[in-house]
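Let me begin by presenting the structure, written as structure tokens, before commenting on it.
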Amino acid sequence: MTDPIPTPADLTLEEKAALTSGADFWTTKPVERVGVPAVMMTDGPHGLRKQAGASDHLGIATSVPATCFPPAVALGSSFDPELAERVGAALGVESAIEDVAVILGPGVNIKRSPLCGRNFEYFSEDPVVAGVLGAGLVRGIQSRGVGASLKHFAANNQETDRLRVSSDVDPRPLREIYLRGFQRVVEDAQPWTVMCAYNRINGVYASEDPWLLTSVLREEWGFEGLVVSDWGAVNDRVAGLPAGLDLEMPSSGGRTDAQLVAAVREGSLDEAALDAAAARVLDLVRKSQARDGVDGPLDVDAHHALAHEAATRSIVLLKNDAATLPLARDVRIAVVGAFAEAPRYQGAGSSLINPTRLDAALDAIRALAAGDVAYAPGFTLDGSGDAAALRAEAVAVASEAETTVVFLGLPAAEESEGFDRAHIDLPGEQIELLDALLAAGANVVVVLSNGGVVALPFADRVPAIVEGWLLGQAGGGATADVLFGVVNPSGKLTETIPLRLEDSPSFGFFPGEFGHVRYGEGLLVGYRGFDAKKTPVAFPFGHGLSYTTFGYGAASASVSASGDVVVTVPVTNTGRVPGREIVQVYSSLERSVVLRAPRELKAFASVELDPGETREVALVVRRADLAYWDVRVDAWVVEGGDYTVEVAASSRDIRATATVAVSGDEVRVPLTPDSSIGDLLENPVTAPDIREAVEPMFGDDEGMLKMMASFPIGRLAGFPNAPITPERIEELLAAGNAAS
Ligand code: BGC
């Protein structure tokens, strides 16, 4: 039995200050005098990156071997929070074995632009997907007595100038798009820690924003854990601490601890704020000490098998004309593309895992194919070498085969934490290779390896495309399993693949300049924007094929006792092999008082079906997810009305529609002299008097009345011969406010 962890009252001022910043890159400071041990935090998010020797936060120095699970870009495509939870539990086990208290993930930032260099670490362009998957991962990690760190809070949607840039976002997109996923994870899974982002939000550093770190995170959402800074995110620790930043990471060498002590001594910092932060660090230490029941050694095989399963579920079959896939085992296959031999399976930066093993697709294909599989790299990963000769060799290899599987993708150097991409194109030599193969008449299946979406100008010219993302250490085997139909693919896109970068809603508003990025597309992020503008896309959000087909019956929707909307739909496997379908529910409200995207994802579920089998799938749309953020009253509001509920196989493949009447929240907007005549006519208390006052001016000329409806009532009182006195207006406003 270890000694109980003390409280801040047992500590000196200096000890409390010391406790709230790191000792080094990865550990908190111990307070040996009173028996407080140090605890360790390490990256995350899709594997453990515990550095045993030299430390850095950019993935430079190596780390202990750990299972590299599919990064969020891939895992998200499973649309499966239970799978995320199982992966999370494995991450928790690996962390516990290495005595790591907190693993730094998941990242639930929204993929605002396809150019964000770190999109591979994030789940989706949609906040419900990001929140649900993120919550699953957190639940899993924490089920093993290890803390998660939800990051990067918030509005960290680009790498350009990430330590200083101000994300200038209006309140509705901020709440409805950029904070919603974080809110979901906090409310559903209560992560032990939240990591505040580097950037500023509307001019204020996330690390010192009392609105973000205290009002929203703790008071509104009920967060009970600790806020840790991103590594080096602290701009002004004395301002940050009372704003809600509990722990600065990594170490500041004691410099900012001394600033805290001095601020308390001179009275500019309330010691109670330091006590609260120190208490949260102590609480984190206590939680991590309470862990038991996870013993090593790591079961490398079992975790590799889970990484493999997760990878198979992450693959998205984008296109499959004439049932090109799955491949028959005895078909003569050629493999082209250097990624088949040297997989790209994770992104660069702080999430770089040192994998326990690494499967190459080429080996796995050879193991499954009945005959010999010829291979040619076709290009080099760094663009060096004689491109024409490599191409010619590949064409020759393909000419002997019935089907050529071509592995294309982004070179590692093109996407990383720390910088954004300049374009979404595949390297020219890869496109030239593909063109040469097609010109020579090869029957081509394209397999992609990429952390951020890439343009697919060849999509119409190849019969089959497999989006393999970055699949983690077992991705090679998973890819082969999908190609041969050992596994029926079931992943779907959590982000739109545009035809052109220029079509992306954030184009022109990314990455900003001179320290500011204006989120000018507002709410119309990702598919919301593509749909609003009816822009054609290469492959829409939610899209993904299977080797079987699914039929949807009629949907029904009703409001449950709790106020949530329950949607049910029968789904049938209408093909010849077992398969899994991800069913999506989108909502919309015609004639809404606020701008809305044509459809917004509100719920999803996956269902496994044998051929011919039908199941009733029930999906729950939370009432809270129907709410918009009402800027007049600074609150979530569910607008009443008949909502359209679309049950869909993708955002552009709607299979069934239902309507459900939802009762609205009452919104009480205080009446002021700035309230319009229209506002007062809508209020039952003020309406009779206002009508009486204004009607003589226009008689029954409804057109005039409509024109005057937007006129603030206070201004009317100033008119010559105004039909109503300022005093009467004051009385009316008071009566209207008192009655509401
Ligand atoms: C990244 C975080 C990471 C931290 C520690 C930062 O640069 O933004 O995601 O957890 O470093 O490595």
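Start at 1 and go down the list; that is how both ligands and their atoms are numbered. Note that the structure is predicted; figures quoted are calculated from it, not measured.
- The shortest side-chain heavy-atom distance between R218 and E224 does not fall under the 4.5 Å cut-off.
- Near L104, meaning under 4.0 Å from one of its heavy atoms, ligand 1 places the atoms 10 (O).
- With respect to atom 10 (O) of ligand 1, the closest heavy atom belonging to the protein is D43 OD1, 2.6 Å.
- Among all non-hydrogen protein atoms, the one lying nearest atom 7 (O) of ligand 1 is Y198 OH, 2.7 Å.
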Start with the C-alpha distance between R118 and N109, add both sets of side-chain angles, then the distance that settles side chain to side chain contact (heavy atoms under 4.5 Å, CB included), and finish with yes or no. CA-CA 10 Å; R118 216 173 174 180; N109 297 95; over 6 Å; no
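- Close contacts between ligand 1 and K151 involve ligand atoms 2 (C), 3 (C), 9 (O), 10 (O) [criterion: under 4.0 Å to a heavy atom].
- Using 4.0 Å as the threshold, F25 has no heavy atom nearer than that to any atom of ligand 1.
- Backbone and side-chain nitrogen or oxygen atoms of W26 are examined, and none is located within less than 3.5 angstrom of a nitrogen or oxygen of ligand 1.
- Here Y205 and Y198 keep their ring centres 6.0 angstrom or further from each other.
- Between F69 and H303, the angle of the ring planes lies from 30° to 60°, which puts this pair in the tilted group.
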Yes or no on side chain to side chain contact (heavy atoms under 4.5 Å, CB included) for E85 and L137, after CA distance, side-chain angles and deciding distance? CA-CA 5 Å; E85 191 167 336; L137 212 61; over 6 Å; no
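- Close contacts of ligand 1 with M195, meaning ligand atoms under 4.0 Å from a residue heavy atom, involve 10 (O).
- Which parts of ligand 1 touch H152 is read off a 4.0 Å heavy-atom cut-off, strictly below it: atoms 2 (C), 8 (O), 9 (O).
- Contact atoms of ligand 1 toward S350: 1 (C), 2 (C), 3 (C), 9 (O), 12 (O) (distance under 4.0 Å to a heavy atom of the residue).
- In this structure, R118 is part of the shell of residues with a heavy atom less than 4.0 angstrom from ligand 1.
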For R162 and E417, what are the C-alpha separation, side-chain angles and deciding distance, and is it a salt bridge (charged side-chain N to carboxylate O under 4.0 Å, His left out)? CA-CA 10 Å; R162 67 172 169 157; E417 175 179 339; 3.0 Å; yes
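- Q473 pairs with exactly one of H304, H46, R357, H308 by the side chain to side chain donor-acceptor pair (under 3.5 Å) rule, that one being H304.
- Taking the six-membered ring wherever Trp is involved, the centroid distance between the rings of F339 and W469 does not fall below 6.0 Å.
- Using the six-membered ring where Trp is involved, W231 and W26 have ring planes that are tilted, between 30° and 60° apart.
- For the ligand labelled ligand 1, residue E121 lies outside the 4.0 Å heavy-atom shell.
- With ligand atoms numbered from 1 in the order given, ligand 1 contributes 7 (O), 8 (O) to contacts under 4.0 Å with heavy atoms of R162.
- Under a 4.0 Å criterion applied to the non-hydrogen atoms of E417, ligand 1 contributes the atoms 1 (C), 6 (C), 7 (O), 8 (O).
- Nearest non-hydrogen protein atom to atom 4 (C) of ligand 1 is D230 OD1, 3.4 Å.
- Ligand 1 has R49 within reach: a non-hydrogen atom of the residue lies less than 4.0 Å from it.
- Between the side chains of D359 and Y345, no donor-acceptor pair of N or O atoms lies under 3.5 Å.
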